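First up is the structure itself, then whatever we jot down about it.
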Amino acid sequence: MSKTIAVTGGLGFIGSHTVVEMIKAGYTPIIIDDLSNSTLNVLDGIEKISGIRPVCYTLNILETTELEAILSTHRVEAVIHFAAFKAVGESVIKPLEYYHNNISGLISLLNAMKKTNVRNLVFSSSCTVYGQPKELPVNELSPMIKAESPYGNTKKIGEEILIDISKTGHKTILLRYFNPVGAHPSALIGELPLGIPNNLVPFITQTAAGWRNQLTVFGNDYKTPDGTCIRDYIHVVDLALAHVKAVEHLEKTELMYSAFNIGTGKGSTVLEVIEAFEETTGISLNYKIGKRRDGDIEKVWADSTKANTELGWKANLDLNQMMKDAWEWQCQLPTK
Ligand code: UFG
């Protein structure tokens, strides 16, 4: 019998790719999404790729009673929890909304899981919990620092809550994502752009598509080989596959709590990302060098050895593939 996994935020960018990979791996994902940053059309893309249209509930996870009903009706075995607000800058302006949605939402979900005796959870965390690490690459034992933004703090507090809950029979895997980019190679699902993108890759593709005039590279006076910031960009399909491995691992591990870095282990500068985009697509990108962006860290990339050895997961797709898939997704979006 196929195991049922509830995926909160399953219509979002990482959630939808994970639902596809869960179906491919033989699971039955059910989606719980409040459509705050997604649309029901995403279900069409999931169905076209996987041949299956998953059950989907339009629900905010703060609705604990309804959540409980869903978890028990479907005899859910584990939850993958994506549903959260994720814009760093917005979180500075609306901290209360971020704490309410991300922290109260997590507590509501944990209460519903407790009531229905669902004990396994995969939690979306972020490399933001490390800040600017003193030593690179960063591994899971590297010190965590005070978060720069309310968004980052919700990830850190979320992790702390889950560590405490793990002492009461609740099993958790924390996946600390580095920089997820790209889209499904079919171009049927990807990141839905809402307003002006904050993130580098959607800004690159929208500039190339003529939606934006010019990309600004935020600073070229950092202590890196070409002066621009370094990040560990990871293809969203590789990231989705990490969730499948995490669910499998939860079923067999005796550890009640573990954290894994999910990155490629390779850092790329902003200029290298632009170069990869230009090389893959043959498009010359209109960009200029601008001032540093407040709050940006200089460089970070992952040591994902723990995920390689314990989860049996490894990133396979390179920066060129990320750019190709991001571009193909952009090209099929309706123009504005
Ligand atoms: N950048 C530009 N121009 C842009 C946008 C970004 O030069 O228009 C640069 C940034 O300065 C940075 C790099 O591109 O050096 C990546 O920036 P992103 O905004 O794409 O990603 P961040 O690393 O800043 O943030 C991401 C996620 C956060 C998460 C964080 C963890 O968006 O949710 O990684 O480090 F918290």
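As the structure lists them, so they are numbered: ligands from 1, and atoms in each ligand from 1. The model shown is predicted, which means the values in this text are computed figures rather than measured ones.
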Inset, instruction - Report the part of Asn198 (side chain from C-beta onward, or backbone N, CA, C, O) that has a heavy atom under 4.0 Å from ligand 1; answer both or neither where that applies. - result: backbone
Inset, instruction - Measure the distance from atom 28 (C) of ligand 1 to every protein heavy atom, then report the residue, atom name and distance (to 0.1 Å) of the closest one. - result: Val88 CG2, 4.0 Å
Legend entry - Salt bridge present between Asp44 and Arg53 (N-O < 4.0 angstrom): yes
Legend entry - Subset of ligand 1 atoms that lie under 4.0 Å from at least one heavy atom of Cys127: 31 (C), 35 (O)
Inset, instruction - Could you please spell out the steps behind the side chain to side chain contact (heavy atoms under 4.5 Å, CB included) verdict for Phe218 and Val270? - result: CA-CA 9 Å; Phe218 296 138; Val270 178; over 6 Å; no
Legend entry - atom 21 (O) of ligand 1: the protein heavy-atom neighbour that sits closest, reported with distance to 0.1 Å: Asn179 ND2, 3.1 Å
Legend entry - Salt bridge present between Lys115 and Glu68 (N-O < 4.0 angstrom): yes
Inset, instruction - Start with the C-alpha distance between Tyr57 and His74, add both sets of side-chain angles, then the distance that settles ring pair (Phe, Tyr, Trp, His ring centres under 6.0 Å), and finish with yes or no. - result: CA-CA 12 Å; Tyr57 292 92; His74 290 274; 5.6 Å; yes
Inset, instruction - Using a strict cut-off of 4.0 Å, indicate which atoms of ligand 1 neighbour a heavy atom of Val270. - result: 7 (O), 9 (C), 14 (O), 15 (O)
Legend entry - Check ion pair Glu248-Lys252 (N to O, under 4.0 angstrom): no
Inset, instruction - Would you check whether Leu200 has a nitrogen or oxygen atom less than 3.5 angstrom from a nitrogen or oxygen atom of ligand 1? - result: yes
Legend entry - atom 18 (P) of ligand 1 - nearest protein heavy atom and its distance: Asn199 ND2, 3.4 Å
Inset, instruction - Begin with the C-alpha distance, continue with both residues' side-chain angles, and end with the deciding distance and a verdict on side-chain hydrogen bond (donor to acceptor under 3.5 Å, both in side chains) for Thr64 and Asn111. - result: CA-CA 7 Å; Thr64 319; Asn111 272 322; 5.8 Å; no
Inset, instruction - Examine the proximity of ligand 1 to Thr216 and report which part, side chain or backbone, both or neither, has a heavy atom under 4.0 Å away. - result: backbone
Legend entry - Numbered atoms of ligand 1 (with element) below 4.0 Å of Val217, judged on heavy atoms: 7 (O)
Legend entry - Sub-6.0 Å ring centroid separation between Phe178 and Trp301: no
Inset, instruction - Would you check if the distance from the ring center of His243 to the ring center of Tyr27 is below 6.0 Å? - result: no
Inset, instruction - Pick whichever of Tyr130, Tyr233, Tyr151, Phe218 has a heavy atom sitting closest to atom 13 (C) of ligand 1. - result: Tyr233
Legend entry - Within residues 173-202 or reaching into it, pairs that qualify as salt bridge (Lys or Arg N to Asp or Glu O under 4.0 Å) - sequence neighbours excluded: Lys86-Glu191, Glu159-Arg176
Inset, instruction - Would you mind listing which atoms of ligand 1 come within a distance below 4.0 Å of any non-hydrogen atom of Cys229? - result: 15 (O)
Inset, instruction - Name the closest protein heavy atom to atom 17 (O) of ligand 1, giving the residue it belongs to and the distance to 0.1 Å. - result: Arg293 NH2, 3.4 Å
Legend entry - atom 23 (O) of ligand 1 - nearest protein heavy atom and its distance: Arg231 NE, 2.6 Å
Legend entry - Asp296-ligand 1 polar pair, N/O distance under 3.5 Å: yes
Inset, instruction - Determine, for Arg231 against Asp296, whether the closest basic-nitrogen to carboxylate-oxygen distance falls under 4.0 angstrom. - result: yes
Legend entry - Element-labelled atoms of ligand 1 that are located less than 4.0 Å from some non-hydrogen atom of Ser126: 29 (C), 31 (C), 36 (F)
